[in-house]
Amino acid sequence: AQSVTQLDSQVPVFEEAPVELRCNYSSSVSVYLFWYVQYPNQGLQLLLKYLSGSTLVKGINGFEAEFNKSQTSFHLRKPSVHISDTAEYFCAVSAYGGSQGNLIFGKGTKLSVKP
Amino acid sequence: DAEITQSPRHKITETGRQVTLACHQTWNHNNMFWYRQDLGHGLRLIHYSYGVQDTNKGEVSDGYSVSRSNTEDLPLTLESAASSQTSVYFCASRGDSYTDTQYFGPGTRLTVL
């Protein structure tokens, strides 16, 4: 079975500062990795995903994430955040095949960008 | 544009009542999912379906049921609502590949008094 740990439940940061949201996963098989964002009172939308190939993945809104197999991590980064990035961010993992292909979510990290 | 909708968006009900939450998608996806979101727990899978007439239990399925009679709809039923089922419920759908993006509805906020 797979599991996901998001190490920070809340991350406050000032506008235009860089940010890193941490995600570690556990799995005995190869996985796909995802980051989703949830703006207040909305559903989740995909930011980016790692399937294979280059370990640095670029997503929407200037976010990027790096897959590190040896450290089983998939941290999300943005070099300069905006007020509009205030949201909750979820890391998710899925494995190959059957019900293992279903997404397993972390508990989320609330990013709060202050002016 | 294709979309996934949920209704109602907000619902207040009483303990013991049966409640059905609707989910409708126009992506023509075979795979559909129901999650609940609770503070400190993230999203947890309730039920999922890989196609018409197919339904499967997820991590937190007790007290919930689903049925899939067509591709577009996956209604979630709470057979006898309990206060522990107060939550925000999200429906999602995905294409046939595990690498496809999973699209989420806007959510239904359910309060059980």
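- Heavy-atom distances place the side chain of Leu46(A), and not its backbone, under 4.5 Å from chain B.
- In summary, Asp54(B) and Arg68(B) do not engage in a salt bridge, as defined by a charged side-chain N under 4.0 Å from a carboxylate O.
- Tested against Phe63(A), the residues Lys78(A), Lys58(A), Arg77(A) include a single side-chain contact (heavy atoms from CB on, under 4.5 Å) partner, Lys78(A).
- Proximity to chain A is limited to the side chain of Tyr35(B), based on heavy atoms less than 4.5 angstrom apart.
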* For the pair Val57(A) and Lys49(A), evaluate side-chain contact (heavy atoms from CB on, under 4.5 Å) and give the outcome as yes or no after the intermediate values. => CA-CA 7 Å; Val57(A) 180; Lys49(A) 57 185 174 182; 5.9 Å; no
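- Remark: Asp38(B) engages Arg44(B) in a salt bridge, criterion side-chain N to carboxylate O under 4.0 Å.
- Leu39(B) CG: 12 or fewer foreign heavy atoms inside a 6.0 Å radius.
- No more than 12 heavy atoms of other residues, nucleotides or ligands shown are found within 6.0 angstrom of CD on Glu16(A).
- Contact tally against chain B (heavy-atom pairs below 4.5 Å) for Leu44(A), Asn41(A), Val4(A): the top residue is Leu44(A).
- If you measure heavy-atom distances from Ile4(B) to chain A, you find no contacts under 4.5 Å at all.
- Only the side chain of Gln38(A) comes within contact range of chain B, with at least one heavy atom under 4.5 Å from a heavy atom of that chain.
- Heavy atoms closer than 4.5 Å to chain A are found in the side chain of Leu45(B), but not in its backbone.
- Of the atoms belonging to Glu59(B), not a single heavy atom falls under 4.5 Å from chain A.
- Of the atoms belonging to Glu88(A), it is side-chain heavy atoms, and not backbone ones, that fall under 4.5 Å from chain B.
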